[in-house]
Amino acid sequence: MSWKSAREPRLRWLVLALSMALVTCARVGSAQEINSPIGSLCEKHGVTGGLFVQVGSDDLTVALDLARTGRVLVEILDSDAAKVERARKQIHSTGLYGLISANRWASDKRLPYAENLVNLLIIEKGRKVPLAEAVRVLRPAGVFLTHGGGASASALKKAGLEDVQTVQAGGAWTLARETWPAEMDEWSHSRHGPDGNAVSADRWVGPTQRIRWLAGPLVHASNIITAGGRIYYHGVIARDAFNGLLLWDRRLDPPPSRIDGSWHGVRGSVLPVASADRFYAVNEGALQALDAATGETIKVYTEAGTPTDILNIGRTLVVCDAKTPTVRALDAESGKLLWSHEAVIPVTSMVAGDGGVYFYEGGEDFKAGNHLNLRRGRESPAPRAIVKLDLATGKPVWRLAEADHPWAKNGRRLSYHRGYLVCELSKHVQMTGEWNGSGTAIQCIAADTGKVLWGREFVPHMTHRSQARALHIGSLLWISNIGHDENGEKVSQWLGLDPATGRAVVTHNTGSGSNCTPPVATERFFVRGLTLTDIATGVNTGSALTKHSCSLDVGGVPANGLIYIAPKHCTCYPMIKSYIAVAPTPPLPGPAAKMLQPADFRVERG
C-alpha cells in the first residue's frame, strides 16, 4: 500500500482571522435596500452577497450602503494608518462594525486573502492593485470595479478577466468579471447530477492542505448540493460556496435532508436539487422553485403532485408523485405538465441520461428505514422492476421484471454513464461487525435495449453501512473491493472494470483509510472524506483534519475546487466536526506554502 500523509503541522492557514469571522456574519436589524449607484450596479450584475473588499478608505458611502443590507461582509484596506483609524471611527458611529471593518495593507504586498474568495473587489481612484492579485483573490464570476480608468480593457482581458465594460455609477468605472474555470464542476443532485454517477469533473480538487471555511449548525444531516457558486444544506441554509458567507436561510416544512447515515428523515422529506439560479425543494407538500440568490419562492409546481424524488435535466423537471402514483415531467420555466406515466410504488433511485429516465418500481422499501414508505399497513408489495422511459415523451422503452431477474429485489441505487445503466445491489445494509458481503453486487445493463450484460458480486471496502457503489470514470467502471493479493492475503482494492464485459482492466491494491461511507470520485481521484486515491497510480494522500460524514449517499462533496463535508458524530479520533470546506495545496508558491514561524508575526504598538 502506497501512502502519503499531510498532518496538522503542515496545515496552511491562509485567511487569517477571516476564516472564523466570515461565518459569523449576521443580519443587523432589518435588511435595507441598496441606495448607492455602485450598489445598484452590483445587484444588476448578480453580486448580492458574500465578501466585498474595497481598496482605499477615502469614501465609505458604497461600503456602508452595502453593509446595511446585512447580506455582505465588507473589508476596507488602506496603507495609511491614519486613514484606517478615521474609517474605523466612522464605521463605529454607524453601528455596523463587524459587518464592515477597516485594516492596514501594504500596497506592495499580496492581498491578505486566499485564492477564489472575494465576490466584489472595488479599487478607489488613485489606488493600485496588481491585476494578478485581483484575479487571484476573486472567486469565479466575482466582479472587479476600478474608478477612473485604473486599468485598460486590454490589460484586464490579458489578465484573464471577461465582460470588460465601462459603466456609469456616480462617475466612470471599469467593470470586469472573473471567468468560471472550465476545470471546475458543481454537484447539483445528491449524487452529483441527474445521472446518479457520483463522479465530479472538477480537476481542481486535490489532496487537501487548508481549511477554507467552517460553519454550523452541528447537525448530522446529509444533503449538501452546490450550483451557481452557492452551497445548500440542512433545512435549508445557503452560503457562498467559495467563502462560506451566509446568503440566506429558510425553514422548509419538512426540511429537505437525511439524518445520520440511514434513509431516516422527517416524513415527506425529499432531497433537493439546484441549478445556477434556482433551488428546487418540496415545501408544505408542493414542489417549489426558490430564487438561488434570496431564497424567496418564485414558482410552485402544482402539476408535480407530492414528489418523493426530483431530477433537474436542463429545462425539464422529472418527479415521482407517490400519491397518484406517477412519474411526471414538467417544464421548469412554465410549470406545464409535459407527460405523466403510471408507476408502481415505491419509485426509487430515479436517474436520467441521454434521453432516458430510469428507476426502480415496486418491491420492498429500503431495510434501513426508508422514510418514504407509503405502503405500511396496506397490501403486499408488488414485485420489483427496473424501468426506462423516454425523456421526451414519457413512453416506456423497456422494463426488467423481478420474475426474470431475481436480483432486482436487492436494488438500492442506479447510475447511468455513456450508454450503460448500473444497478447497485445490496441485500441489506450492514451497520456494524464483520460481513462477507453476501448479496452485494452490481449488474450492468445496456441502456438502449435493456439487455443485462453482466453481473459481479463483491465485498465493498467499508467498515460500516456496507453497500454496493459503482463509479463511472472515463471508459472504466470502478468498484472498491476487498480482494486477495498474490499471497492470498486480504487486501483493499480499487478495480477498474470494462463496462461492456465486466473484466478487470486495472487493479490498485491499496486501501483508502476509514470507510464508513461509500466513495465518490473526481476524474483524477477516488474521494473518501479527505483521503484521496490517485486513479492513475493508486497512491493515497490523507489528512487528519476531519473525516467524511456518515451517509449512504456521499461522505464528501468535491466541487468548486474544494471538498465539502457535513458534521458527524464520529469518535474515531479528535477532528473538526462542523460543516467544512477544505482546499488543496496552492498551485503556485505563496504565503500558503510557507511554514510559519513566530518571527513571521510582527508586533505593532497599539
Side-chain angles (χ1 to χ4, degrees), residues 22 25-56 59-76 91 94 96 99-101 116-125 134 137-148 156 161-180 226-232 237-250 274-279 289-299 333:
L22 57 80
C25 175
R27 294 181 178 86
V28 178
S30 300
Q32 299 182 21
E33 294 300 319
I34 293 176
N35 297 314
S36 69
I38 289 291
S40 300
L41 184 69
C42 293
E43 284 198 331
K44 178 182 177 181
H45 287 271
V47 184
T48 57
L51 176 61
F52 292 8
V53 174
Q54 177 176 312
V55 178
D59 187 353
L60 302 186
T61 303
V62 173
L64 292 171
D65 188 35
L66 294 171
R68 287 189 184 97
T69 67
R71 298 196 299 266
V72 300
L73 185 69
V74 184
E75 183 164 27
I76 308 296
I91 294 167
T94 66
L96 292 171
L99 286 177
I100 178 173
S101 61
N116 302 326
L117 198 76
V118 177
N119 299 80
L120 173 67
L121 180 61
I122 300 176
I123 314 295
E124 279 193 342
K125 190 173 183 179
V137 303
L138 279 172
R139 49 98 86 197
V143 170
F144 172 88
L145 271 175
T146 181
H147 196 197
L156 293 173
L161 300 176
E162 62 182 9
D163 194 24
V164 180
Q165 55 189 285
T166 299
V167 294
Q168 296 296 324
W173 292 77
T174 300
L175 180 146
R177 188 182 295 276
E178 175 68 284
T179 57
W180 194 281
T226 175
R230 302 176 182 91
I231 182 172
Y232 310 90
I237 295 171
R239 295 185 181 275
D240 185 281
F242 296 94
N243 55 48
L245 281 170
L246 179 66
L247 302 176
W248 53 267
D249 66 271
R250 177 175 172 181
S275 66
D277 57 358
R278 291 189 177 188
F279 176 83
L290 277 56
D291 186 307
T294 66
E296 297 175 355
T297 298
I298 55 179
K299 193 163 199 64
E333 190 62 34

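If you're wondering where the values come from, they're calculated on a predicted model, not measured in any experiment.
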Evaluate the ring planes of W248 and Y232, with Trp represented by its six-membered ring, and classify them as parallel (under 30°), tilted (30 to 60°) or perpendicular (over 60°). tilted
Here the pair of heavy atoms bringing R239 nearest to L247 is C-CD1, 3.5 Å
Quick check: does any side chain N or O of D291 sit under 3.5 Å from a backbone N or O of E296, one acting as donor and the other as acceptor? no
Minimum heavy-atom separation for G49 to V72, with atom names? CA-CG1, 3.6 Å
At their closest point, which heavy atom of L99 faces which heavy atom of G70, and how far apart are they? CD1-CA, 4.3 Å
With a 4.5 Å limit on heavy-atom distance, are the side chains of L121 and E178 in contact? no
How would you list, by chain and number, every residue that makes a ring pair (Phe, Tyr, Trp, His ring centres under 6.0 Å) with F144, sequence neighbours excluded? none
Do you know which two heavy atoms are closest between P140 and W180, and how far apart they sit? CB-CE3, 3.3 Å
Any chance you could lay out the side chain to side chain contact (heavy atoms under 4.5 Å, CB included) test for R139 and N119, step after step, and finish with the verdict? CA-CA 6 Å; R139 49 98 86 197; N119 299 80; 3.4 Å; yes
Please confirm whether the backbone N or O of V74 pairs with a side-chain atom of Q54, one donor and one acceptor, at under 3.5 Å? no
Minimum side-chain heavy-atom gap L145-L175 below 4.5 Å: yes
Any residue meeting salt bridge (Lys or Arg N to Asp or Glu O under 4.0 Å) with R177, in chain and number order, not counting sequence neighbours: none
Is the shortest side-chain heavy-atom distance between L120 and L66 below 4.5 Å? yes
Is the side chain of R230 donor-acceptor paired with the backbone N or O of D277 at a distance under 3.5 Å, no angle test? no
Mind checking whether F52 and V47 have side chains closer than 4.5 Å, heavy atoms only? yes
What are the two closest non-hydrogen atoms of I91 and S101, and how far apart are they? CD1-C, 4.1 Å
Those residues that, when tested against E333, pass side-chain contact (heavy atoms from CB on, under 4.5 Å) (two or more places apart): R278, R315, D331
